[in-house]
Every structure is written in C-alpha cells, then in structure tokens.
Amino acid sequence: MTAVLWLGAAGAWLFVVTFLVDGVTRPGYRPVRHAVSALALGPRGWLQTTNFILCGAAVTAGAVGFAATGGSVLLAVLIGVFGVALVASGVFPMDAMRGYPPGAPEGTPEETSWRHRRHDEAGAVVFFSLPVTAVVAAFVLDGVVWPTYSALTGAVMLVATLAFGQAWENDHPRTGLVQRAAIVVGWLWLGLLFAHAAR
C-alpha cells in the first residue's frame, strides 16, 4: 500500500503544480482574480478538467491506502470524501463568467446552469472537508508535530476558505489569490500526510 499512499501524495501536489503553471501561461486568464475552476474553460480547459479528475482519483486511492495501512478509518473516509468531491468538480465545470474565457461576460450571470450548481456543491465539499479532515487529524495522529501542524492547517485553511467565499461573492479583484492560499496550504498538508503514512 506504500505505492498507493505515494500516489495520493503525488495527486495532491501535482494538482497544485498543474494549476499554478497553467494559470500563469494561459492567455486571458488572470490568476490573481480568476478561480482555479475557471481553468477548466476555454481551449485548454481539458487540462484542468483532467487535473481535477486524475488528482481527485489519486487522493481517493490514497485514502484507501491510508486505511489499509492502519491509519484512522475516520480520517481515511474524510480524505476519500475530499477526493471524490475533487473528481466531481472536474465532471461538472463552472459556467463562463467574470471575463474568462475571453469574451465571457464580466459579471456573474443571474441564472447559472445545473452543471455550475453541481460544481458549486462539489466545491463546497472540497473546501470544507479538508479543514475538517485536518482538525480531525490533530486529534487522532500521534506525537506533537503532526497534531500541531494539522490543527494549524485546519485553522488557516478555514479562515482562507471563508475569505475566499466572501471575495467570490463580491467579485473581489484578488479572489483567485485568496483561493490559491487556501489550496496551497491544504493540499500541501495532505500530500505530506500521505508521505508520512508511507514511511
């Protein structure tokens, strides 16, 4: 199961690397303003869609490996929920809006598609399940370092997620930056957790 745990770690870390590189090289896309999910739109949208699905599947597989190697079953289930929600975020793309892809309306449409609504629901699970997972990890992991790191991760990610939600509602010009802060903190922790379990 060690290989499966490393697969989970790779899925978490490659997700971040992929959207960071794609975001700064995508014509018309502004990483500071636009959400990561917007990368699933436009001519290169397949790349972020694949990123959602493959990395989510890798994290879900890692969750199975985590449970199989004697890790907390509750923690494994929460990680699995996060992974499945990440896959769903790729299956159901958001609508074009806020100037991306180029030519899309600048604002937020009053009516959104059913796919966009499913994407929002999956995104809510993604962004709230991971800080909850980190908080649970703070209580079930042994030692001092990992419980402390997990508690800090959960707190920082929760604050960043709430800030992202507010920024999104107000179409703040730094919405994408706030979201990236939450993702980097949470996904880095998850990858390190898998790597720690694989040792």
Side-chain angles (χ1 to χ4, degrees), residues 7-8 10-20 22-23 29 31 33-42 44-64 66 74-98 100-101 104 108-136 153-154 157-169 171 175-176 178-191 193-194:
L7 177 65
W13 295 333
L14 286 175
F15 182 85
V16 174
V17 171
T18 300
F19 80 69
L20 287 176
D22 192 25
Y29 182 85
R33 180 195 179 192
H34 294 131
V36 169
S37 294
L39 286 168
L41 306 173
R44 262 164 57 180
W46 63 271
L47 183 58
Q48 180 56 32
T49 297
T50 303
N51 194 29
F52 273 129
I53 294 172
L54 290 186
C55 292
V59 166
T60 304
V64 174
F66 189 86
L74 174 59
L75 198 54
V77 169
L78 290 170
I79 295 170
V81 168
F82 167 78
V84 171
L86 204 59
V87 172
S89 297
V91 173
F92 303 107
M94 67 175 288
D95 291 345
M97 60 179 70
R98 301 185 179 184
Y100 192 81
T108 304
E110 292 185 12
E111 295 292 330
T112 56
S113 69
W114 67 271
R115 289 182 181 84
H116 182 92
R117 293 191 291 274
R118 298 297 85 76
H119 181 85
D120 279 353
E121 291 163 0
V125 175
V126 165
F127 281 100
F128 285 103
S129 66
L130 196 54
V132 168
T133 302
V135 170
V136 169
T153 297
M157 195 182 174
L158 181 59
V159 170
T161 295
L162 294 173
F164 165 62
Q166 177 126 22
W168 175 265
E169 289 300 318
D171 192 10
T175 298
V178 176
Q179 185 192 37
R180 280 160 173 75
I183 291 175
V184 170
V185 168
W187 274 242
L188 174 63
W189 170 83
L190 180 59
L193 178 65
F194 280 133

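Of all heavy-atom pairs between G8 and F194, the closest is C-CD1, 3.3 Å. Closest approach of L7 and A61 over heavy atoms only: CD2-CB, 4.1 Å. Among all heavy-atom pairs drawn from P101 and A96, the shortest one is CD-CB, 3.5 Å. Contact detail for A160 and A182: the closest heavy-atom pair is CB-CB, 3.6 Å.
Summarising the geometry, atom OG1 belonging to T49 is positioned 13.0 Å from atom CZ belonging to R44; distances are rounded to the nearest 0.5 Å. Taken to the nearest 0.5 Å, the CG atom of N51 stands 8.5 Å off from the CG atom of D22. Interatomic distance, T18 OG1 to L39 CG, rounded to the nearest 0.5 Å: 10.5 Å. The CG atom of L41 lies 8.5 Å from the CE atom of M97; values are rounded to the nearest 0.5 Å. The distance from atom CE of M94 to atom CD of Q48, rounded to the nearest 0.5 Å, is 11.5 Å. In this structure, CG in L162 is found 10.5 Å from CE in M157, a value given to the nearest 0.5 Å.
Relative ring orientation between Y100 and Y29 is described as perpendicular, the plane-to-plane angle rising above 60° on a 0-90° scale split at 30° and 60°.
For the pair L188 and W13, the minimum side-chain heavy-atom distance is below 4.5 Å. In this structure the side chain of I79 reaches within 4.5 angstrom of the side chain of L193, judged on heavy atoms. The shortest side-chain heavy-atom distance between V59 and F15 does not fall under the 4.5 Å cut-off. Using a 4.5 Å cut-off on side-chain heavy atoms (C-beta onward), I183 and V16 make contact. Looking at P93 and F52, their side chains never come closer than 4.5 Å, going by heavy atoms from C-beta outward. Two residues are said to be in side-chain contact when any heavy atoms from C-beta on lie closer than 4.5 Å; R180 and F19 meet this criterion.
By the salt bridge (charged side-chain N to carboxylate O under 4.0 Å, His left out) test, R117 is found to be paired with no residue, residues two or more places apart in sequence or in another chain being considered. Judged as a salt bridge (charged side-chain N to carboxylate O under 4.0 Å, His left out), and not counting sequence neighbours, the contacts of R33 are E106, D171. For T161, there are no side chain to side chain donor-acceptor pair (under 3.5 Å) partners at least two apart in sequence or on another chain.
Residue E121 places its CD atom among more than 12 non-hydrogen atoms of other residues, nucleotides or ligands, all under 6.0 Å distant.
Sorted by first and then second residue, the side-chain hydrogen bond (donor to acceptor under 3.5 Å, both in side chains) pairs involving residues 78-97 (not counting sequence neighbours) are D95-S113. Among residue pairs with one or both ends in residues 181-191, those qualifying as side-chain hydrogen bond (donor to acceptor under 3.5 Å, both in side chains) are S150-W189; sequence neighbours excluded.
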Show every donor-acceptor pair shorter than 3.5 Å between a side-chain atom in residues 127-135 and any protein atom, with sequence neighbours excluded, or say none if there are none.
unit_1 : atom_1 : unit_2 : atom_2 : d
S129   : OG     : V125   : O      : 2.6
S129   : OG     : V126   : O      : 3.4
T133   : OG1    : S129   : O      : 2.6

